[in-house]
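Reviewing the structure listed below.
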Amino acid sequence: QVQLVESGGGLVQAGDSLRLSCTSSDRTFIRYAMGWFRQAPGKEREFVASISWNGYETSYGISVAGRFTISRDNAKKTVYLQLNSLKSEDTAIYYCARQTNAFGTGVGGPYDTWGQGTQVTVSS
């Protein structure tokens, strides 16, 4: 069973930066697009970013475009999310996920494997 483990969350001030990491146990990690999602208290889960299996294509949610950057290191089986210019409304639990089908772009999902999440709290 594939496991995804997120790390890097924390409490920061508005305007600060964080880098989240998601490491996979999957030896076929390189074949799959990956995504980041977030969920704030009382709100629905929101798409944040995705990256294709080969790293050539990325996609971002409207609320984070231009501030967040997704990347991947296939040798380390890790996907990253760089969060810059953080705002209080970025406060949420951030989850990484693996797209269901191999060799995808990440756009539109579906995603069937999820991590446990890492908390990001931004104080204003």
Side-chain angles (χ1 to χ4, degrees):
Q1 184 176 356
V2 174
Q3 290 188 323
L4 301 174
V5 179
E6 301 97 334
S7 62
L11 172 63
V12 297
Q13 294 186 334
D16 284 352
S17 298
L18 277 176
R19 189 176 80 156
L20 307 184
S21 300
C22 170
T23 300
S24 174
S25 66
D26 182 12
R27 61 184 179 88
T28 62
F29 173 81
I30 193 173
R31 300 179 187 177
Y32 292 90
M34 299 294 294
W36 284 96
F37 296 79
R38 68 185 182 184
Q39 188 165 20
K43 295 188 177 181
E44 293 187 354
R45 186 172 61 199
E46 175 188 14
F47 168 76
V48 175
S50 65
I51 186 166
S52 62
W53 69 278
N54 56 11
Y56 290 168
E57 297 183 52
T58 58
S59 180
Y60 296 92
I62 293 174
S63 59
V64 307
R67 298 188 298 123
F68 292 7
T69 303
I70 189 171
S71 61
R72 64 189 296 159
D73 184 334
N74 286 333
K76 295 182 178 180
K77 297 189 294 183
T78 298
V79 59
Y80 303 98
L81 185 68
Q82 178 69 40
L83 293 67
N84 295 333
S85 303
L86 282 161
K87 306 175 182 180
S88 58
E89 52 262 44
D90 295 319
T91 295
I93 299 174
Y94 284 71
Y95 300 90
C96 71
R98 190 188 78 170
Q99 192 172 27
T100 301
N101 298 316
F103 306 114
T105 64
V107 178
Y111 292 84
D112 65 353
T113 303
W114 296 80
Q116 84 289 348
T118 186
Q119 176 72 49
V120 172
T121 303
V122 184
S123 64
S124 57

Apply side chain to side chain contact (heavy atoms under 4.5 Å, CB included) to Cys22 and Trp36, showing your working.
CA-CA 9 Å; Cys22 170; Trp36 284 96; 3.7 Å; yes
Report the C-alpha separation of Phe37 and Tyr111 in whole Å, then their side-chain angles, then the decisive distance to 0.1 Å, and conclude whether the side chain to side chain contact (heavy atoms under 4.5 Å, CB included) test is met.
CA-CA 11 Å; Phe37 296 79; Tyr111 292 84; 3.6 Å; yes
From CA spacing to verdict: side chain to side chain donor-acceptor pair (under 3.5 Å), Thr121, Thr91
CA-CA 5 Å; Thr121 303; Thr91 295; 5.3 Å; no
Can Leu81 and Leu83 be said to form a side chain to side chain contact (heavy atoms under 4.5 Å, CB included), step by step?
CA-CA 6 Å; Leu81 185 68; Leu83 293 67; 3.6 Å; yes
Please report the C-alpha distance between Ser17 and Asn84 in whole Å, then the side-chain angles of each, then the deciding distance to 0.1 Å, and finally whether the side chain to side chain donor-acceptor pair (under 3.5 Å) criterion is met.
CA-CA 4 Å; Ser17 298; Asn84 295 333; 2.9 Å; yes
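Not a single donor-acceptor pair under 3.5 Å links the side chain of Tyr95 to the backbone N or O of Glu6. Judged purely by atom type and a 3.5 angstrom limit, Asn74 has no side-chain atom pairing as donor or acceptor with the backbone of Lys77. The main-chain N or O of Gln3 is found under 3.5 Å from a side-chain atom of Ser25 such that the two form a donor-acceptor pair.
Of all heavy-atom pairs between Thr100 and Tyr32, the closest is O-CE2, 3.6 Å. Minimum interatomic distance between Thr118 and Gly9 (heavy atoms only, all atoms of both residues): OG1-N, 3.1 Å. When every heavy atom of Arg98 is checked against every heavy atom of Asp26, the shortest pair comes out as NH1-OD2, 2.7 Å. Among all heavy-atom pairs drawn from Ser24 and Phe29, the shortest one is CB-CD1, 3.5 Å. The nearest pair of heavy atoms linking Ala14 to Ser124 is CB-CA, 4.2 Å. Counting all heavy atoms, side chain and backbone alike, Leu18 lies closest to Gln82 at O-NE2, 3.5 Å.
With no hydrogens or angles considered, no side-chain donor-acceptor pair links Gln99 and Asn101 at under 3.5 Å. Under 3.5 Å, the side chains of Thr23 and Thr78 contain a donor-acceptor pair of N or O atoms.
Heavy atoms of other residues, nucleotides or ligands lying less than 6.0 angstrom from CZ of Arg67 number more than 12.
Note on ring orientation: taking the six-membered ring where Trp is involved, the planes of Trp53 and Phe103 are perpendicular (angle over 60°, cut-offs 30° and 60°).
Ile93 and Val64 fall into different hydrophobic clusters, where Ile, Leu, Val, Met, Phe, Trp and Tyr are joined by side-chain heavy atoms under 4.5 Å apart, directly or via other members. Hydrophobic clustering of Ile, Leu, Val, Met, Phe, Trp and Tyr side chains at less than 4.5 Å, counting indirect connections, keeps Leu4 apart from Tyr80. Ile30 and Met34 sit in two unconnected hydrophobic clusters of ILVMFWY residues. Membership requires side-chain heavy atoms under 4.5 Å apart, directly or through other members. Under the 4.5 Å side-chain heavy-atom criterion for ILVMFWY residues, a single connected hydrophobic cluster contains both Leu86 and Tyr60.
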Just distance, no hydrogens or angles: give the donor-acceptor pairs under 3.5 Å from side chains in residues 44-52, sequence neighbours left out.
unit_1: Glu46; atom_1: OE1; unit_2: Arg38; atom_2: NE; d: 2.8
unit_1: Glu46; atom_1: OE1; unit_2: Arg38; atom_2: NH2; d: 3.3
unit_1: Glu46; atom_1: OE2; unit_2: Ser63; atom_2: OG; d: 2.9
unit_1: Ser52; atom_1: OG; unit_2: Asn54; atom_2: OD1; d: 2.7
unit_1: Ser52; atom_1: OG; unit_2: Gly55; atom_2: N; d: 3.3
unit_1: Ser52; atom_1: OG; unit_2: Tyr56; atom_2: N; d: 3.2
unit_1: Ser52; atom_1: OG; unit_2: Glu57; atom_2: N; d: 3.0

